[in-house]
There are 2 protein chains.
Amino acid sequence: MRATGGNGNALPAYRRIQATIRKKIEDGRLKPGDAVDSERELAKIHSVSLMTARHALAELQREGLVERRRGSGTFVAPPKLEFNKLMSFTEQMSSRSMPAHSRVLYSTIIRGEHDIAARLALPAASRLFMIERMREAGDEPFALETCYLSADLYAGIAKAQLERGSLFSILEHDYRIVLAYADEDVDATTADPKAAELLGVSRGAPLLRIRQTIFSTDGKAVLYVLGLYRSDRHVLHIRRFR
Amino acid sequence: MRATGGNGNALPAYRRIQATIRKKIEDGRLKPGDAVDSERELAKIHSVSLMTARHALAELQREGLVERRRGSGTFVAPPKLEFNKLMSFTEQMSSRSMPAHSRVLYSTIIRGEHDIAARLALPAASRLFMIERMREAGDEPFALETCYLSADLYAGIAKAQLERGSLFSILEHDYRIVLAYADEDVDATTADPKAAELLGVSRGAPLLRIRQTIFSTDGKAVLYVLGLYRSDRHVLHIRRFR
DNA sequence: AAGTGGTCTAGACCACGGC
DNA sequence: CCGTGGTCTAGACCACTTC
């Protein structure tokens, strides 16, 4: 007998099964706690062997979308909160439904910034875009972010664009860059006169400093961002696992 | 033919296969980049079907221990760095091979600390251990940590004990608590006179403040820790994923 | 007892990689 | 070409939960 459906279409059967379940959950036809079709039911419905149905469910379980209980069944998992998630300023604010603004203070091309070029794995003398932005939440200054990226690889990133959408979305849509993760160094510092004035705090006020290098899925450093956050308006939440 | 070895022993075949591979890697008989036995080889060696051998390798891949390349084979993955890992001070220091000390400054039982009791999901009037510790790395003061835990649930945690081992190991060994994760709030503050003196910095020096609630595997809050870190001696590294 | 997930068999065909 | 991993079959027995 034929083993796999040499079905010609690219999508494996277990993926199709997962898709139907995912869709039911997204549609709301299945809510957290509801029972998903059992392995045997899925096998019959999709004319597939038990192992294949099982494969589909096991992978959904690993993704955290469903929970499986032996002797009992497979159930839609409660919505999982995502921790330590890399989000753009825009995304962060909208996820908390806070009105947010971003203003480009300064934007130029620099050259010869060795440390920053090194963090982006570029030649020391590379031309770099430097963009200084003020982040505001509800008319209150909130953070000062300076970001750097290769001026050669991402030529044409205009100030006008940045006022409109997030840098993340520009990179993802216009440059087909898929961002994957960021390594961040977090420490504390105090406001120097310039930062104090821009952020509207007194000199010497504590600021949270976050230096992040953001990598794309192919492992290349795309962006280096230095952020100074008003400590009275911002707390960084992280979850660590043992 | 018999399907599964109703072998009576508790360990599934795929676990045994994984164990042999893990051991080879730990022993150094397999180094990163080396080829692991293929599915077919493992099936023969362990007298097991292809699917079972496959299951073993697939799970090792998901753990990040091996990489699988179609048409090529299965290879030992380069050692993976662990990010955002919850570690005790002792573990953190030894993982960087830094000589570290910890000194208990103060230890008492308090009562009526509503906010802290609330964070530990205890009644507002609960009795709490409060332990204030100085962390030192190479004779330099480094951090000030105040930790709180239920004095009723963890009676008998003595100062003497704390001088010796880490609180983590006491909880894990003496109280059979398995710690799972911590939620942390990070911000910046400046040194007040007391903190300044203890940490050996000037008043107003920037400090990284980390407030963590540590949970056990059963989802209960076990520990609340307020840490003040000298920003000139400490950077927090985190990785975020998209 | 009936149903569920967990493990397992003894094969099969496919797509891909390296020689 | 041959070996590799990726997908799949049509069953099986076991341990467990629910009724």
Side-chain angles (χ1 to χ4, degrees), chain A residues 1-22 24 30 32-77, chain B residues 1-22 24 30 32-77:
Chain A
M1 144 182 296
R2 283 256 303 358
T4 167
N7 44 22
N9 71 26
L11 210 56
Y14 76 96
R15 293 278 180 207
R16 281 188 283 109
I17 297 172
Q18 289 174 349
T20 67
I21 296 170
R22 265 191 250 272
K24 281 188 185 176
L30 282 176
D34 287 357
V36 175
D37 289 333
S38 73
E39 298 179 352
R40 287 159 179 84
E41 286 168 340
L42 287 173
K44 274 177 202 157
I45 294 168
H46 294 89
S47 304
V48 119
S49 89
L50 215 44
M51 281 298 272
T52 300
R54 173 172 183 69
H55 186 177
L57 289 179
E59 210 171 83
L60 290 179
Q61 176 184 35
R62 285 191 296 271
E63 286 177 23
L65 203 65
V66 303
E67 289 172 359
R68 314 193 72 198
R69 291 196 284 277
R70 183 198 301 220
S72 175
T74 300
F75 305 88
V76 179
Chain B
M1 148 180 287
R2 283 259 293 8
T4 168
N7 43 23
N9 70 26
L11 210 56
Y14 76 96
R15 292 279 181 205
R16 283 188 281 108
I17 298 173
Q18 289 173 348
T20 67
I21 295 170
R22 265 190 250 271
K24 281 187 186 178
L30 282 176
D34 288 357
V36 176
D37 289 332
S38 74
E39 299 178 353
R40 288 160 179 83
E41 285 167 341
L42 287 173
K44 274 178 201 157
I45 294 169
H46 294 89
S47 303
V48 117
S49 88
L50 216 45
M51 280 298 272
T52 301
R54 173 172 183 71
H55 187 178
L57 288 179
E59 209 171 81
L60 290 179
Q61 176 186 36
R62 285 190 296 271
E63 286 178 22
L65 202 66
V66 302
E67 289 172 358
R68 316 192 72 198
R69 291 196 282 277
R70 184 198 305 223
S72 175
T74 300
F75 306 88
V76 179

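Just so we're on the same page: letters track the sequence lines, and every chain starts at 1.
If you measure from atom CD of A/Q18 to atom C1' of D/dG6, you get 14 Å, rounded to the nearest angstrom. Atoms CG (A/L42) and P (C/dG6) sit 13 Å apart, rounded to a whole Å. Here the P atom of nucleotide D/dA15 and the CG atom of B/L11 are 14 Å apart, to the nearest Å. Between B/D37 atom CG and D/dG3 atom C1' the separation is 14 Å, expressed in whole Å. A straight line from CD of B/E67 to P of D/dG6 spans 12 Å, rounded to a whole angstrom.
Listed by chain and residue number, A/Y14 satisfy the ring pair (Phe, Tyr, Trp, His ring centres under 6.0 Å) test with A/H55 (two or more places apart in sequence, or in another chain).
For the atom pair CD of B/E39 and OG1 of B/T74, the computed distance is 6.5 Å after rounding to the nearest 0.5 Å. Here the CD-CD distance, from A/Q61 to A/E63, works out to 11.0 Å after rounding to the nearest 0.5 Å. To the nearest 0.5 Å, the span separating CG on A/L57 from CD on A/Q18 amounts to 8.5 Å. Between the CZ atom of A/R15 and the CD1 atom of A/I17 there is a distance of 11.5 Å, given to the nearest 0.5 Å.
Here A/R62 does not pair with B/E59 in a salt bridge; the nearest charged N to carboxylate O distance is not below 4.0 Å. A/K44 has no carboxylate O lying under 4.0 Å from a charged side-chain N of A/D37, or vice versa, which leaves the two without a salt bridge.
Geometric assessment of A/R69 against the ring of A/F75 yields a positive cation-pi assignment under the 6.0 Å and 45° thresholds.
Of the residues in residues 43-63 of chain A, those with a non-hydrogen atom less than 4.0 angstrom from any atom of DNA chain C are A/M51, A/R54. The stretch residues 68-77 of chain B touches DNA chain D through B/R68, B/R69, B/R70, B/G71, B/S72, B/G73, B/T74, each having a heavy atom within less than 4.0 Å of the strand.
When each of D/dC8, C/dC13, C/dC8 is scored by its nearest atom to the side-chain atoms of B/R40, the top-ranked nucleotide is C/dC13.
In terms of phosphate contacts, B/Y14 brings a side-chain nitrogen or oxygen within less than 4.0 Å of OP1 or OP2 of C/dT7. The shortest distance between the side-chain N/O atoms of B/S38 and the OP1/OP2 oxygens of D/dG3 is not below 4.0 Å.
When all heavy atoms of A/A43 and A/A53 are compared, the closest pair comes out as N-CB, 3.9 Å.
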